[in-house]
Amino acid sequence: MKKRDFIKIGGLAAGALMVGCTSDASDGIVRKGSSVKKGSGVLKLSYRPYELQLKHVFTVATNSRTTTPVVLTSIEYDGVTGFGEASMPPYLGESHESVLNFLSKVDLGQFSDPFLMEDILEYIEGVMRGNYAAKASLDIALHDLTGKLLGQPWFRLWGLNPEKTPLTSFTIGIDTADVVREKTLEASAFKLLKIKLGRDNDREMIETVRSVTDVPIFVDVNQGWKDRNYALEMAHFLNENHAEFIEQPMPKEQIDDIAWLTERSPLPIVADEALQTVDQLLGMKGIYSGINIKLMKCGGMYAAWKMITLARQMGMKILIGCMTETSCAVSAAAQLSPLVDWADLDGNLLIANDIYEGMTVVDGRVTLPDRPGIGIVEI
Ligand code: MG
């Protein structure tokens with residue numbers, strides 16, 4: 001990616017000198033032990049739309065698609081650049097148009113200290129309601145930038161052990177038995193699979209997967225079941241088939257049915273579509289036993305950290321997930337993964353035109369690169 005391809009939004013005139021760090025002239029990344037000196041920058045935001053090409057047609061209970069629109073952002077300060085990304089799957093209602101419109105209203109040039117993250121993110125939150133993917137793209141870029149200025153990856157700034165990352169699942173969409181068998185065989189490097197259910201072939205999907213592998217599975221119904229008795233019957237069937245949890249079994253509006261199911265199900269019931277932001281989390285108590293946190297839903301790494309902290313206090317299980325995204329947003333989420341029970345961070349592996357290299361999956365496990373910020377490099 002060429003920086004000139006970004007739409008440049010310059011800041012206001014450089015104001016007071018704030019804390020900065022020396023940067024390595026070759027790549028702009030500050031190394032450990034860099035001396036801290038006064039910078040002269042203001043934050044400069046750039047962004048451009050991009051379309052992800054999916055390797056396979058991706059089918060869930062409610063739709064099929066072959067592309068995902070994203071917007072790639074960057075925030076530059078004092079010669080150092082942090083990268084971010086907004087990914088807009090159709091169900092969240094954001095689009096290239098809405099994200100570009102949101103970003104055009106953002107003036108980061110008023111800030112001359114990227115470490116005042118609380119102030120900057122509060123300003124971004126107030127620009128417009130909603131628009132969480134757009135907000136996440138700025139939050140991620142800001143985290144990447146500040147991590148690079150400090151010369152440290154975020155998992156280390158948070159004090160997390162990179163050896164404690166979870167296994168990640170690889171997603172198998174709803175399809176015919178032949179295709180499911182083939183995709184399951186292709187995913188043999190993974191020690192966990194996420195199986196999409198919710199159409200009329202639930203048992204066939206599971207039986208096909210089980211004819212090929214006995215690895216544990218996550219199940220995501222994407223609101224596809226309408227009848228709670230069927231859902232409970234499936235929960236027992238899935239428990240016998242070594243599932244770990246069921247995600248969003250019924251429409252989020254069927255609150256009483258979901259609470260009924262959670263009380264009786266042998267497997268944890270995880271909220272995804274029902275839960276977007278941290279302020280909705282307390283309302284999940286007694287309805288779900290776990291939550292799926294995604295940066296694009298909640299607005300970024302800062303909000304995700306708050307959600308994890310609160311969800312733990314509420315005794316809930318935590319899954320960290322993603323959309324189809326480049327390695328940028330997936331690597332940002334991966335920084336938090338040592339804190340969670342389960343990870344579903346395969347969004348970058350489902351696309352054919354990634355432009356970053358970042359977190360990897362080694363022996364089925366989320367593996368964090370020892371690079372500053374969110375740990376990505378352009379490829
Ligand atoms: Mg889901």
Side-chain angles (χ1 to χ4, degrees), residues 54 56-65 68 87-94 132-133 136 166-175 183 187 190 192-199 202 205-206 209 216-226 231 234-235 238 243-255 258 261-262 265 267-277 280-281 284 287-299 304 307-308 311 316-325 329-330 333-334 336-337 340-351 366:
L54 309 188
H56 298 284
V57 178
F58 191 64
T59 301
V60 301
T62 47
N63 65 78
S64 292
R65 64 179 199 270
T68 302
S87 172
M88 294 85 72
Y91 84 97
L92 286 178
E94 289 181 75
Y132 289 102
L167 296 171
T168 181
S169 58
F170 183 81
T171 300
I172 309 283
I174 298 172
D175 223 313
K183 284 187 185 170
F190 289 82
L192 269 173
L193 294 174
K194 184 174 193 178
I195 314 298
K196 296 285 193 178
L197 297 184
R199 288 201 173 174
D202 292 336
M205 285 283 301
I206 298 301
V209 170
I217 54 175
F218 299 161
V219 169
D220 190 356
V221 188
N222 292 106
Q223 314 187 77
W225 299 337
K226 309 295 183 239
M234 282 303 295
L238 292 168
E244 301 238 331
F245 61 78
I246 303 171
E247 195 177 317
Q248 204 62 57
M250 287 181 274
K252 60 184 179 180
E253 296 79 14
Q254 287 182 227
I255 294 169
I258 294 167
L261 176 66
T262 298
S265 168
L267 296 172
I269 303 296
V270 173
D272 185 7
E273 285 87 340
L275 174 70
Q276 184 157 359
T277 54
Q280 298 167 332
L281 183 51
M284 298 292 114
I287 304 169
Y288 295 89
S289 43
I291 60 167
N292 184 348
I293 296 176
K294 295 175 183 170
L295 302 189
M296 296 304 140
K297 290 195 300 178
C298 70
M307 281 180 97
I308 291 171
M316 296 188 100
K317 293 279 204 177
I318 303 168
L319 164 67
I320 193 154
C322 61
M323 309 298 181
T324 38
E325 303 166 343
V330 172
L336 291 154
S337 68
V340 305
D341 301 294
W342 306 298
D344 175 25
L345 294 176
D346 63 348
N348 55 335
L349 304 174
L350 302 174
I351 62 171
V366 173

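All ligand and atom numbering here is 1-based and tracks the order in the structure. In this chain, numbering begins with 1 at the start of the sequence shown. Below, each value reflects all heavy atoms present in this structure, side chains not excepted, and no hydrogens, waters or symmetry copies.
- Ser64 and Val57 get closest at one heavy-atom pair: CB-CG1, 4.2 Å.
- Around the Mg ion (ligand 1), the protein contributes the following N, O or S atoms under 2.8 Å, ordered by chain and number: Asp220 OD2, Glu247 OE2, Asp272 OD2.
- Atoms CG and CE, on Leu92 and Met296 in that order, are 10.0 Å from each other to the nearest 0.5 Å.
- Looking at Asp344 and Asp346, their side chains come closer than 4.5 Å, going by heavy atoms from C-beta outward.
- At least one side-chain heavy atom of Phe170 sits under 4.5 Å from a side-chain heavy atom of Leu350.
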* To do: Take Met307 and Leu275 through the test side-chain contact (heavy atoms from CB on, under 4.5 Å) and record every step on the way to the result.
  => CA-CA 11 Å; Met307 281 180 97; Leu275 174 70; 3.8 Å; yes
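- Contact record, Leu336 with Ala304: CD1-CB, 3.6 Å, taken as the closest heavy-atom pair.
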